[in-house]
Chemist: 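Got a structure here, written out as structure tokens. Questions coming.
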Amino acid sequence: MDSIAIVGGARLYGDIPVSGAKNSAIKLMAAAILTDQPLTLTNMPRLADTRFLGQLLRAFGIRVDELGADTTVLHAAELTSTFAPYDLVRQMRASFNVLGPLLARTGEARVSLPGGCTIGARPVDLHLKALQALGAEITLEEGYVHAVAPHGLKGTRIDFPFVSVGATEHALLAAVLADGVTVLRRAACEPEIGDLALCLNAMGARIEGIGTNTLTITGVRALSGTQWSVIPDRIEMGSYAVAAAMAGGEVRLTRSRPELIAALTDRMVAAGVEVSPTSDGVVVRRDPLVRLRAVDVTTEVYPGFATDLQAQFMALMTLAEGESVVHETIFENRFMHAPELARLGAEISVHGGEAQVRGVERLVGAPVMATDLRASMSLIIAGLAAEGETIVSRVYHLDRGFEHLEAKLAACGAQVRRIRGEADEH
Ligand code: UD1
């Protein structure tokens, strides 16, 4: 398995272009199941997760062609299978969400349950309830969900008990081809859901209320192909913004939109980082000789502080002056990075969903282990400011969600290199 070695202490100066959003790209790819015409996605990130999903879609008989640096054409002219085996689904949880579109297009699908995950139990009960409400008959057998809708899906009203990004997306991907009107209440309004809904509308769907917590979907008989540019990755953007603040220097994040990370930049400014919005991103400036102030954060659904940026922000707070409280409200076990940050000298105590970070004056490089995608990034960020060398192992987590990570950081002066290991098995 590969590792990443960072020698801390270098200031970062330069531009980092933000890639297309992983969490949008994989949903847009699933939308290709809904039409027999080609769907062309541009600004696609090339990541392990988009590769996993491409592999799964090919197993259904879908043509997936990667053209040039960032274009993918998906063509589901005809589906030859609606079976998603465990081996392909377990590699990436979100691939479970092919169930809804397969069902909507063909009336039948068998998809493996995604299984556990390091950041919590992450059940799919809301997904299944939504599909049942749309008229699917669902049976669970030997780790698989078998769903049938012999008479097609029917529009309905779905009141989610709490906000779930995955369940909202899944209901949307099924309801667009249902007969009649579906209303989703307490829907997630993350920008990636908006991106998916707008793309579906460009394909001929009729979705209203995009960007709000109530989505109204008037089902249509068929969808057509379209060309769609994937929204910028706000988590990647936020991660590099924090990286620049941690290392000090001046970094311009481009090809994005400042408002996508407003909740993060608000906290960064409160901590003493200079953040200036630009027409296509932000400039982050920090004098590393001036210590940051500790500030508290609470993760929330969009537009609140993203849980996917919690680990990175915690890394920043390890060197701030004072004590900050990081409150995680979305996932129940999302502080796996805390003991790894402690290996670099951070002082963090975790009680349930709350972590207290007592800022220290210095971190010292050490070997650490990545535990999940965003936690891995927090270790990279800490490594940028730690004295000496930090080696982050198990970077396959990072490869799932960060495109050209070392190249983007190195272009700004970071001393970072990949150490190639044996073939990954995970
Ligand atoms: C998505 C993102 C992930 C992000 C998360 C929250 C993708 C591919 N992943 O994950 O990066 O961290 O949103 O912004 O877009 N839950 C249930 N039952 C369900 C579904 C969810 O109890 O049927 C719970 C989860 O365990 C979790 C909470 O709801 O505690 C929120 O999860 P959800 O919003 O569904 O996250 P994902 O879609 O899995």
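Note that ligands are numbered from 1 as they come in the structure, with each ligand's atoms numbered from 1 the same way. Here the structure is a predicted model, which means the values were calculated and not measured.
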Chemist: Would you say the side-chain atoms of Glu192 pair up with the backbone N or O of Ser24, donor to acceptor, closer than 3.5 Å?
Modeler: no
Chemist: Under the ring-ring contact (aromatic ring centres under 6.0 Å, His included) criterion, do Phe83 and Phe60 qualify, and how do the steps go?
Modeler: CA-CA 7 Å; Phe83 173 60; Phe60 304 145; 8.9 Å; no
Chemist: Could you tell me, atom by atom, which parts of ligand 1 come under 4.0 Å of a heavy atom of Arg334?
Modeler: 12 (O)
Chemist: Tell me if the aromatic rings of Phe305 and Phe313 count as close, with their centers under 6.0 Å from one another.
Modeler: yes
Chemist: Are any of the N/O atoms on Glu190, whether in the backbone or the side chain, positioned under 3.5 angstrom from an N/O atom of ligand 1?
Modeler: no
Chemist: Side chain, backbone, both or neither: which part of Phe162 comes within less than 4.0 Å of ligand 1 when only heavy atoms are counted?
Modeler: side chain
Chemist: Regarding ligand 1, does Pro123 bring an N or O atom to under 3.5 Å of one of the ligand's N or O atoms?
Modeler: yes
Chemist: Calculate, to the nearest 0.5 Å, the distance between atoms SG and CZ belonging to Cys412 and Arg252 respectively.
Modeler: 11.5 Å
Chemist: Does ligand 1 have a heavy atom under 4.0 Å from the side chain of Val301, from its backbone, from both, or from neither?
Modeler: neither
Chemist: Under 4.0 Å from a heavy atom of Thr307: give me the atoms of ligand 1 that qualify, with their elements.
Modeler: 6 (C), 12 (O), 14 (O)
Chemist: When you measure from the side chain of Glu340 to the backbone N and O of Met369, does any donor-acceptor pair fall under 3.5 Å?
Modeler: yes
Chemist: Are Val275 and Val283 side-chain neighbours, meaning at least one heavy-atom pair lies under 4.5 Å?
Modeler: no
Chemist: Hey, looking at atom 21 (C) of ligand 1, which of Gly166, Ala167, Ser164 has the closest heavy atom?
Modeler: Ser164
Chemist: At a non-hydrogen distance cut-off of under 4.0 Å, which region of Leu126 contacts ligand 1 (side chain, backbone, both, or neither)?
Modeler: both
Chemist: Does only the side chain of Lys129 get under 4.0 Å from ligand 1, or the backbone, or both, or neither? Count heavy atoms.
Modeler: neither
Chemist: Is there a side-chain contact between His397 and Thr371 (heavy atoms, below 4.5 Å)?
Modeler: no
Chemist: Report the distance from atom OG of Ser112 to atom CG of Leu99, rounding to the nearest 0.5 Å.
Modeler: 11.0 Å
Chemist: Using distance alone, decide if ligand 1 has a nitrogen or oxygen within less than 3.5 Å of any nitrogen or oxygen in Asn23.
Modeler: yes
Chemist: Under 4.0 angstrom from ligand 1, any heavy atom of Lys27?
Modeler: yes
Chemist: Compare Ile235, Val165, Thr329 and give the one whose heavy atom is closest to atom 33 (P) of ligand 1.
Modeler: Val165
Chemist: Yes or no: does His170 have any heavy atom under 4.0 Å from an atom of ligand 1?
Modeler: no
Chemist: Would Arg186 count as a cation-pi partner of Phe160, with NZ or CZ less than 6.0 Å from the six-membered ring centre and within 45° of the ring normal?
Modeler: no
Chemist: With respect to Lys22, determine whether any N or O atom, backbone or side chain, lies less than 3.5 Å from an N or O atom of ligand 1.
Modeler: no
Chemist: Under 4.0 Å from a heavy atom of Ile330: give me the atoms of ligand 1 that qualify, with their elements.
Modeler: 27 (C), 28 (C), 30 (O), 31 (C)
Chemist: Please name the residue in the list Asp280, Asn43, Asp15 that meets the side chain to side chain donor-acceptor pair (under 3.5 Å) test with Arg255.
Modeler: Asn43
Chemist: Could you tell me which atoms of ligand 1, counted from 1 in the order shown, lie closer than 4.0 angstrom to a heavy atom of Ile26?
Modeler: 8 (C)
